[in-house]
Amino acid sequence: MSSPEVVALMLADGRLPTGGHTQSAGLEPAVRAGLGADGKQLADVGEYARDRLRTVTRIEAAVAVLARHHVPRTLEAGPDLEAITNGPTEVAQAVAGEEAAVVMARRFAQLESAWAARTPSRALRTASRRQGRAYLRLAERVWPETLRYLPRDGEIARPIVIGVIGAVTGLSAEQVARLVAYDDAQTVVAASLKLLPVDPAGAVTWLAALHDDIERLVNDVAPLTDIEKIPAGGAPLIDQFAEQHAIERMRLFHA
């Protein structure tokens, strides 16, 4: 039986084979637009990460918490009946059939729609779904119970996949929210080392300074159980940066 604490550490590890090394959490286009001022205002990086925690990351953490909440608490009950289909075959028949395929249950589809409505940038939605697919591929090998609820190799928003993985591995709502928040902040800090003349120790200092902001986010979103309560704080510049970055011919990071 896996330890939820160890699973949380695994999922927070930037070396996990989910494509995290291709992401800058929008820092690359922000630097191109002037953030950091050619190394003269490096503290801007920490503030950028803090702004993300207040806006786009808060949305993603809330969606992950709700995805975890939508997984039935009794995992031993068998496949998710709402998520099993076999083309036109009735659900009950499909469950009994050898060819039954898993699709995304309606409750997860509604959650993805709520996430998409709060993520206006098509480039950001595409990047999240590609990462979600990478997490699903990993989960198929490491935590196969995830495929009771989500389709194999599907392009599903990353926070939904993380929330479902969290549920099947026993992570609490607080752990799921903290994972999403920490992963975003450390993605920004790690990318800064490749984009700006940053002292690695200084970068870790920025990450440490975000601990209170991360915990505030956790306290705010961990209790959520209602899809209507998902935050909707936008960050128009981050959206604009993402769209411009998507058409750049030369770039170091995917997003």
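The first residue of the sequence shown is numbered 1, and numbering continues consecutively from there.
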Sole candidate of Arg129, Arg130, Arg133 that passes salt bridge (Lys or Arg N to Asp or Glu O under 4.0 Å) when paired with Glu155: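 In the set Arg129, Arg130, Arg133, the residue that makes a salt bridge (Lys or Arg N to Asp or Glu O under 4.0 Å) with Glu155 is Arg133.
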Spacing of [atom1] belonging to [X] relative to [atom2] belonging to [Y], to within rounding of 0.5 Å:
{"X": "Thr18", "Y": "Asp13", "atom1": "OG1", "atom2": "CG", "result": "9.5 Å"}
{"X": "Leu207", "Y": "Leu210", "atom1": "CG", "atom2": "CG", "result": "6.0 Å"}
{"X": "Phe241", "Y": "Leu237", "atom1": "CZ", "atom2": "CG", "result": "4.5 Å"}
{"X": "Ile160", "Y": "Leu150", "atom1": "CD1", "atom2": "CG", "result": "8.0 Å"}
{"X": "Arg32", "Y": "Gln244", "atom1": "CZ", "atom2": "CD", "result": "8.0 Å"}
{"X": "Glu28", "Y": "Lys194", "atom1": "CD", "atom2": "NZ", "result": "10.5 Å"}

Could you pull out the closest heavy-atom pair between [X] and [Y], with the gap in Å?
{"X": "Leu179", "Y": "Ala8", "result": "CD1-O, 4.1 Å"}
{"X": "Ile214", "Y": "Ala185", "result": "CD1-CB, 4.5 Å"}
{"X": "Val176", "Y": "Ala64", "result": "CG1-CB, 3.6 Å"}
{"X": "Pro231", "Y": "Leu224", "result": "CD-CD1, 4.2 Å"}

Taking the side chain as every heavy atom from C-beta outward, state whether [X] and [Y] have any pair of such atoms under 4.5 Å apart.
{"X": "Ser24", "Y": "His245", "value": "no"}
{"X": "Leu171", "Y": "Ile165", "value": "no"}
{"X": "Val204", "Y": "Val189", "value": "no"}
{"X": "Leu27", "Y": "Phe253", "value": "no"}
{"X": "Val45", "Y": "Leu35", "value": "yes"}

Partner of Asp183 under side-chain hydrogen bond (donor to acceptor under 3.5 Å, both in side chains), chosen from Arg178, Gln23, Arg158: Arg158
Could you tell me whether a side-chain N or O of [X] sits under 3.5 Å from a main-chain N or O of [Y], the two making a donor and an acceptor?
{"X": "Arg141", "Y": "Arg137", "result": "no"}
{"X": "Arg152", "Y": "Glu140", "result": "no"}
{"X": "Tyr149", "Y": "His70", "result": "no"}
{"X": "Glu174", "Y": "Val218", "result": "no"}

Option from Asp184, Val221, Asp213, Val188 for which side chain to side chain contact (heavy atoms under 4.5 Å, CB included) with Thr57 holds: Asp184
For Phe108, the option from Ile156, Val71, Leu66 that meets side chain to side chain contact (heavy atoms under 4.5 Å, CB included): Val71
